[in-house]
Amino acid sequence: MSRRPLQRFCWLALAWSSLGLAVAGAVLPLLPTTPFLLLSAWAAAKGSPRLAHWLEEHPRFGPLLHAWRTQGAVPLSAKITALGLMVFSWLTLFWLGAGWILLAMLGLLFATVGTWLATRPLPGE
């Protein structure tokens with residue numbers, strides 16, 4: 001198998017698996033939709049222009065992708081879910097007795113990602 005079809009397959013696998021998680025996140029309250037949708041659109045653009053176009057034209061997912069591409073905007077519900085899951089994850093590890101080095105590293109990572117996420121504009125701003 002040449003490298004090109006293998007690369008395309010990997011991009012497609014990432015796009016479809018991320019899309020599956022995004023769809024699940026649209027239904028399940030603790031699974032965020034937006035990050036998986038953005039990952040899926042990014043991977044689809046590299047592996048399948050047809051899938052990328054379908055995502056951009058989708059009635060539910062298209063507006064989220066458009067807001068991200070044109071404004072760098074993330075919906076408030078996605079921000080709240082992501083920030084809440086980071087806090088919940090850190091507190092769970094703390095409660096389970098994780099080492100202080102891991103807690104410090106994750107705390108720094110979560111604080112950095114959380115700050116970046118919180119400073120993204122809301123769609124339409």
Side-chain angles (χ1 to χ4, degrees):
M1 180 180 237
S2 73
R3 187 171 180 189
R4 203 80 165 128
L6 180 60
Q7 283 180 335
R8 185 174 185 276
F9 173 79
C10 290
W11 288 122
L12 276 172
L14 179 60
W16 280 107
S17 60
S18 299
L19 181 59
L21 290 169
V23 169
V27 180
L28 300 172
L30 291 178
L31 188 64
T33 300
T34 305
F36 292 116
L37 179 62
L38 294 176
L39 179 60
S40 180
W42 176 73
K46 295 179 176 295
S48 172
R50 192 169 111 191
L51 177 58
H53 177 74
W54 180 82
L55 284 170
E56 291 170 10
E57 298 299 320
H58 192 275
R60 170 133 171 114
F61 299 137
L64 291 170
L65 292 171
H66 179 72
W68 175 254
R69 286 201 176 116
T70 59
Q71 305 169 318
V74 177
L76 183 60
S77 61
K79 289 181 182 189
I80 291 170
T81 301
L83 293 171
L85 286 172
M86 284 188 275
V87 169
F88 177 77
S89 297
W90 191 91
L91 289 173
T92 300
L93 288 171
F94 176 78
W95 181 72
L96 291 173
W100 68 270
I101 294 175
L102 176 63
L103 290 172
M105 288 174 40
L106 281 178
L108 181 61
L109 175 67
F110 289 169
T112 303
V113 171
T115 300
W116 177 84
L117 183 62
T119 59
R120 300 302 94 205
L122 296 173
E125 283 188 346

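Numbers for residues simply follow the sequence, beginning at 1. Fair warning: this is a prediction, and the values are worked out from it, not measured in the lab. What you see below is based on every heavy atom in this structure, not just the backbone, and it leaves out hydrogens, waters and symmetry mates.
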Does any pair with a residue in residues 14-25 pass salt bridge (charged side-chain N to carboxylate O under 4.0 Å, His left out), and if so which ones, sequence neighbours excluded?
none
Would you please name every residue forming a side-chain contact (heavy atoms from CB on, under 4.5 Å) with A44, sequence neighbours left out?
A15, L51, A52, L55
I'd like to check V23 versus F36 (side-chain heavy atoms, cut-off strictly below 4.5 Å). Are they in contact?
no
Quick check: is V87 connected to F94 through a chain of hydrophobic side chains (ILVMFWY, heavy atoms under 4.5 Å apart)?
yes
Value for CG (L19) from CG (L39), rounded to nearest 0.5 Å, stands at 10.5 Å
Working to the nearest 0.5 Å, report the span between CZ of F88 and OG1 of T81.
13.5 Å
For W42, what residues pass the ring-ring contact (aromatic ring centres under 6.0 Å, His included) criterion, not counting sequence neighbours?
W11
Check for me, please, whether L14 and F61 land in the same ILVMFWY cluster - side-chain distances under 4.5 Å, paths through other members count.
no
In short, side chain to side chain donor-acceptor pair (under 3.5 Å) pairs touching residues 90-119 with sequence neighbours left out are none
Hydrophobic cluster identity match, V74 and L64, side-chain contacts under 4.5 Å:
yes
With sequence neighbours excluded, what pairs up with L122 under the side-chain contact (heavy atoms from CB on, under 4.5 Å) test?
L76, K79, E125
With sequence neighbours left out, what residues match V113 under side-chain contact (heavy atoms from CB on, under 4.5 Å)?
M86, L109
Return each pair, listed once, that meets side chain to side chain donor-acceptor pair (under 3.5 Å) where at least one residue sits in residues 49-77; pairs must be two or more places apart or across chains.
E56-R69
Residues forming a side-chain contact (heavy atoms from CB on, under 4.5 Å) with A98, sequence neighbours excluded
L93, L102, L103
